[in-house]
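Below is one structure, written out as structure tokens, with a few remarks after it.
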Amino acid sequence: MSAFGTSLFINGEFVAGEGRVETVYEPALRKPMAEVASASKGQIDQAVKAASGACRDWSQRTPRERSAALLAIAAAVEARAVTLAEVESRNAGKPLRFVKAGELANVADVFRYFGTAVRNMPAPAAGNYRSSVLTSLVRRDPIGVIAQIAPWNYPLLMAAWKIAPAIAAGNAVVIKPSELTPLSLLALSEVFAEILPAGVVNVVCGSGPDVGQALISHDLVRMISLTGDVRTGRAVLQAAAGPMIKRTHLELGGKAPVIVCEDADLDKLVETLREASFYNAGQDCTAACRIFAHRNVVQALTDKLKAMIGSLVYGRPERDDVEFGPVISARQLERVDGFVSRARAGGCDVMQGAPAESDGYFFSPTLVAAPIEAEIVQKEVFGPVLSITPFADVRTALDWANASEYGLGSSVWSRQTEQAMAIANALEYGVTWINTHGVMATEMPHGGMKNSGYGSDLSMQSLIDYTQIRHIMLG
Ligand code: TXE
């Protein structure tokens, strides 16, 4: 049975939600796209119990068997890439050509990578550390039921980042997509229904405070993984400190600084920022959103950025010439507009690209020249907005970057490798790029520091994060 738009996926079956009905919008049109009935409290309980039951068998499967399932999911994603991309593009407002060629390929790659990685996890050591016993073994075991809360900016890709390592490691999951973008994960659940044993992956839809909160508070949940706002991260930590203590894995956004030294290649930088700042309408936790530029190059850089922003093409996601689409919702549009309006009212110089079409939640690409203390330089805007602030010496730029509450993505631009490396080493950020920005590799860890959270997505490290280390001593 098709899940699209109307169902939950619990214990291998598509079932109608018994909770509140949420209208899901198409942001490029400001129009409803589907009605999705949320999970009731009883259905959340059923999903968690289904995961708990499925875990008993799934956790005992060999890496080879689990790997085969993940590789089959990757192939099925590729076979359905066009349909999945169309759903994702309409619901999240992303240019269809990028979703087809980039994001869906990455979803398949993530399942394929973790399907391979789990067979390459080294067996932990055995040894003897006391004369009175025979040996000590270290095991890396699954944790159990993982509650996963996914965001709306990359609905399917973030779901893949969460589900693939968790099930590869032998856990079972109950995942809640964002109430704004549940449709692509419901469509992908048809693949889970065909390939995975019932209960290994369960999908419950609904709002954060309602369905999300009930899910993360459930006593059978052993770990909570979230990609979302800092405020939501705090709700997760509180739920984790309930009657049953839970592990947590948090990715809570960022405010990526771009430190531009006097000798930086400005043309390469501007070409990179075209995508690194504006892909997905800037709704990206590592988006290059605040430039700290040496005062001797700030004017030249501002001129080049203005020209680039003036040439950016944005609009309806099905057009094959657009670089980005609308922001996700009326609320996000209001939020982004609020930041820019307050910057303008506070005396910042605001430069914008082509005016936005009014039929969708579009926001014109924007450059704001602002002092370091301005709200727009300090807070996560999550829209197609870039700020630029001059500095006199690199030490100041480094101090500004490290004073941030966030610590996820950052980049350094300099032709002198030693200078760039010294700055990169001193940055308190989980990811630092040198002379590039925003490039990801499935094999490399992605995660933050400070209010950006902790725990790694992608890489062998993520697989390790979804396991529990155990010691068994043989007397
Ligand atoms: O996030 P929420 P919002 C940042 C970004 C954005 C801001 C607000 O700055 O402008 O957050 O976005 C679920 N228990 N990021 O309000 O609410 C929610 O249903 C359990 C950065 O939309 O955190 C959704 O599934 N779940 C970010 C998910 O949390 C709860 C991605 C994320 O939405 C919950 C998204 C609760 N009490 C926003 N409350 C990134 N790190 O990339 C909410 N949720």
Side-chain angles (χ1 to χ4, degrees), residues 19-20 22 24-25 27 36 38-39 44 91-92 147-159 161-162 174-185 203-218 221 224-240 242 246 248-256 279-287 289 327-339 361 363 375-376 378-385 404-409 430-431 438 440 446-455 457:
R20 201 176 62 217
E22 299 276 352
V24 175
Y25 286 85
V36 175
S38 305
I44 297 164
N91 190 189
Q148 304 191 312
I149 307 288
W152 42 262
N153 54 344
Y154 294 87
L156 210 50
L157 187 57
M158 292 303 104
W161 282 21
K162 292 184 183 303
V174 182
I175 181 164
K176 189 195 84 62
S178 166
E179 56 275 37
L180 302 176
T181 55
L183 303 181
S184 54
L185 182 57
V203 180
V204 292
C205 297
S207 79
D210 181 16
V211 174
Q213 189 66 41
L215 172 60
I216 63 178
S217 307
H218 198 291
V221 166
I224 309 165
S225 147
L226 163 74
T227 301
D229 199 13
V230 179
R231 174 182 41 86
T232 313
R234 295 201 170 94
V236 164
L237 290 172
Q238 275 165 5
K246 300 168 171 68
T248 50
H249 189 277
L250 306 173
E251 204 271 61
L252 308 177
K255 183 73 187 170
Y279 186 83
N280 210 29
Q283 301 165 113
D284 186 314
C285 49
T286 59
C289 57
V327 297
I328 193 67
S329 61
R331 180 172 156 242
Q332 197 63 17
L333 186 63
E334 207 176 291
R335 184 184 151 107
V336 174
D337 190 47
F339 275 111
Y361 304 129
F363 196 81
E375 179 200 43
I376 206 146
Q378 297 298 333
K379 298 284 177 209
E380 186 176 45
V381 177
F382 234 56
V385 179
S404 173
E405 68 170 295
Y406 291 107
L408 186 60
V431 186
M440 312 285 258
H446 173 88
M449 297 166 72
K450 300 193 273 185
N451 274 1
S452 292
Y454 47 78
D457 288 310

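Since this is a predicted model, take the numbers as computed values, not measurements. Residue numbers count from 1 along this sequence. Just so you know, ligand 1 is whichever comes first in the structure, and atom 1 is the first atom listed for that ligand.
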What atoms in ligand 1 come closer than 4.0 Å to a heavy atom of [X]?
X: S178; answer: 25 (O)
X: K176; answer: 18 (C), 19 (O), 25 (O)
X: E179; answer: 18 (C), 19 (O)
X: A235; answer: 37 (N)
X: L252; answer: 41 (N)
X: T227; answer: 32 (C), 40 (C), 41 (N), 42 (O)
X: I216; answer: 14 (N), 20 (C)

For [atom], the option (of [options]) bearing the nearest heavy atom:
atom: atom 24 (C) of ligand 1; options: S217, A150, G212, G208; result: A150
atom: atom 1 (O) of ligand 1; options: D229, V236, V211; result: D229
atom: atom 5 (C) of ligand 1; options: R331, E380, Q283; result: E380
atom: atom 27 (C) of ligand 1; options: G228, G453, C285; result: G228

Is [X] in contact with ligand 1, taking contact as a heavy-atom separation below 4.0 Å?
X: Q332; answer: yes
X: M158; answer: no
X: W152; answer: yes

E251 N/O to ligand 1 N/O under 3.5 Å: yes
N or O pair under 3.5 Å between G253 and ligand 1: yes
Residue portion contacting ligand 1 (non-hydrogen atoms closer than 4.0 Å) for D284: neither
Which residue holds the protein heavy atom closest to [atom], what is that atom called, and what is the gap in Å?
atom: atom 26 (N) of ligand 1; value: I149 CG2, 3.6 Å
atom: atom 31 (C) of ligand 1; value: P151 CB, 3.5 Å
atom: atom 6 (C) of ligand 1; value: F382 CD2, 3.9 Å
atom: atom 37 (N) of ligand 1; value: Q213 OE1, 2.8 Å
atom: atom 2 (P) of ligand 1; value: T232 OG1, 3.5 Å

Steps toward side-chain contact (heavy atoms from CB on, under 4.5 Å) verdict (V24, L183): CA-CA 8 Å; V24 175; L183 303 181; 4.0 Å; yes
Salt bridge flag under 4.0 Å for residues E380 and R335: no
From [atom1] ([X]) to [atom2] ([Y]), nearest 0.5 Å:
X: I149; Y: M158; atom1: CD1; atom2: CE; value: 15.0 Å
X: D457; Y: M440; atom1: CG; atom2: CE; value: 8.0 Å
X: S38; Y: E22; atom1: OG; atom2: CD; value: 4.5 Å

Test side chain to side chain donor-acceptor pair (under 3.5 Å) applied to T227 and Q148, K162, E251, the passing residue: K162
Contact check, side chains of Q283 and W152, non-hydrogen atoms, under 4.5 Å: yes
Close side-chain approach of Q332 and P27, heavy atoms under 4.5 Å: no
Enclosure of E375 CD (heavy-atom neighbours >12, cutoff 6.0 Å): yes
What are the two closest heavy atoms between [X] and [Y], and how far apart are they?
X: L215; Y: V221; answer: O-CG2, 3.5 Å
X: G254; Y: S452; answer: CA-OG, 4.0 Å
X: G383; Y: V336; answer: CA-CG2, 3.9 Å

Worked check of side-chain contact (heavy atoms from CB on, under 4.5 Å) between Y154 and D284: CA-CA 8 Å; Y154 294 87; D284 186 314; 2.6 Å; yes
Verify atom 33 (O) of ligand 1: protein non-hydrogen atom under 4.0 angstrom away: no
Side-chain donor-acceptor pair present, K450, S404, cut-off under 3.5 Å: no
